[in-house]
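Predicted model only: the values in this text are computed from it and were never measured. Chain letters run A, B, ... following the sequence lines, proteins first, then strands; residues in each count from 1.
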Amino acid sequence: MPRPSRESYGDQKPPYSYISLTAMAIWNSPEKMLPLSEIYKFITDRFPYYRKNTQRWQNSLRHNLSFNDCFIKIPRQPDRPGKGAYWALHPAAFDMFVNGSLLRRRKRFKLLKSDKEILENELAALTNINRIFFRTTKPLPWKLVMELLF
DNA sequence: ACCTAATTCAATC
DNA sequence: GATTGAATTAGGT
Ligand SMILES: [Mg+2]
């Protein structure tokens, strides 16, 4: 994993792909997952180059998050409200930069169609569980909930 | 020169 | 914010 923490390229474009920058941001975080806004912040905080043309590169970065299987969208937990989901690195993609550079990996990380479907089902299940908590102030009758679910 | 990863534009939800 | 496609740019051999 790329792990630059305090670099300075001035106003020059740093030699990292959006995938690298995003992986750095996520890896640098305590929980190894960040909402979009924090990924942006990580990048603009240390690379002045990205304080311009924000609409362009942020759209590209979002494209990367959705398109690349190495990034997975974790639904936000009810106890941590905010906008958008969290983004994490797929555990099987930790080594996606080996034998490559931070500008261009040797191969794209792509999940098998079947593995992708399994992952999507798991995340969808998580979203459903979270929905049970959504906007409830008082504690839910867990005993009852569990009995209904299982 | 070639392969294909990365970036961009932009429609759509 | 997130997803997707199509077209273009560009890194690495
Ligand atoms: Mg993804």
To the nearest Å, how far apart are [X] [atom1] and [N] [atom2]?
X       : N      : atom1 : atom2 : value
Y18(A)  : dT8(B) : OH    : P     : 4 Å
K107(A) : dA6(B) : NZ    : C1'   : 16 Å
L36(A)  : dA2(C) : CG    : C1'   : 9 Å
F67(A)  : dG1(C) : CZ    : C1'   : 19 Å
R56(A)  : dC9(B) : CZ    : C1'   : 10 Å
N68(A)  : dT4(B) : CG    : P     : 16 Å
K83(A)  : dA2(C) : NZ    : C1'   : 13 Å
R105(A) : dA6(B) : CZ    : C1'   : 9 Å

Residue K32(A) excluded, over 12 heavy atoms near NZ under 6.0 Å:
yes

Report which part of the nucleic acid [X] touches: base, sugar-phosphate, or nothing (heavy-atom distance under 4.0 Å, all strands).
X       : value
S66(A)  : base
R108(A) : base
L65(A)  : nothing

Are H90(A) and F71(A) an aromatic pair, judged by ring center distance below 6.0 Å?
no

Cation-pi check, R46(A) onto F42(A) ring (under 6.0 Å, within 45° of axis):
yes

Residue R62(A), side-chain atoms from C-beta onward, closest of dC9(B), dT7(B), dG1(C)
dG1(C)

Minimum-distance nucleotide to K73(A) side chain [options: dA2(C), dA6(B), dT7(B)]
dA2(C)

Would you mind checking if R80(A) and E31(A) are paired as a salt bridge, meaning a charged N to carboxylate O distance below 4.0 Å?
yes

Please report the shortest heavy-atom distance between Y16(A) and Y50(A), naming the atom on each side.
O-OH, 4.3 Å

Measuring to OP1 and OP2 of dG12(C), would you say a side-chain N or O of S101(A) lies under 4.0 angstrom away?
yes

Taking only side-chain N and O atoms of W87(A), does any of them lie within less than 4.0 angstrom of OP1 or OP2 on dA2(C)?
yes

Determine whether a donor-acceptor pair (one donor, one acceptor, N or O, separation below 3.5 Å) exists between the side chain of N64(A) and the base of dA6(B).
no

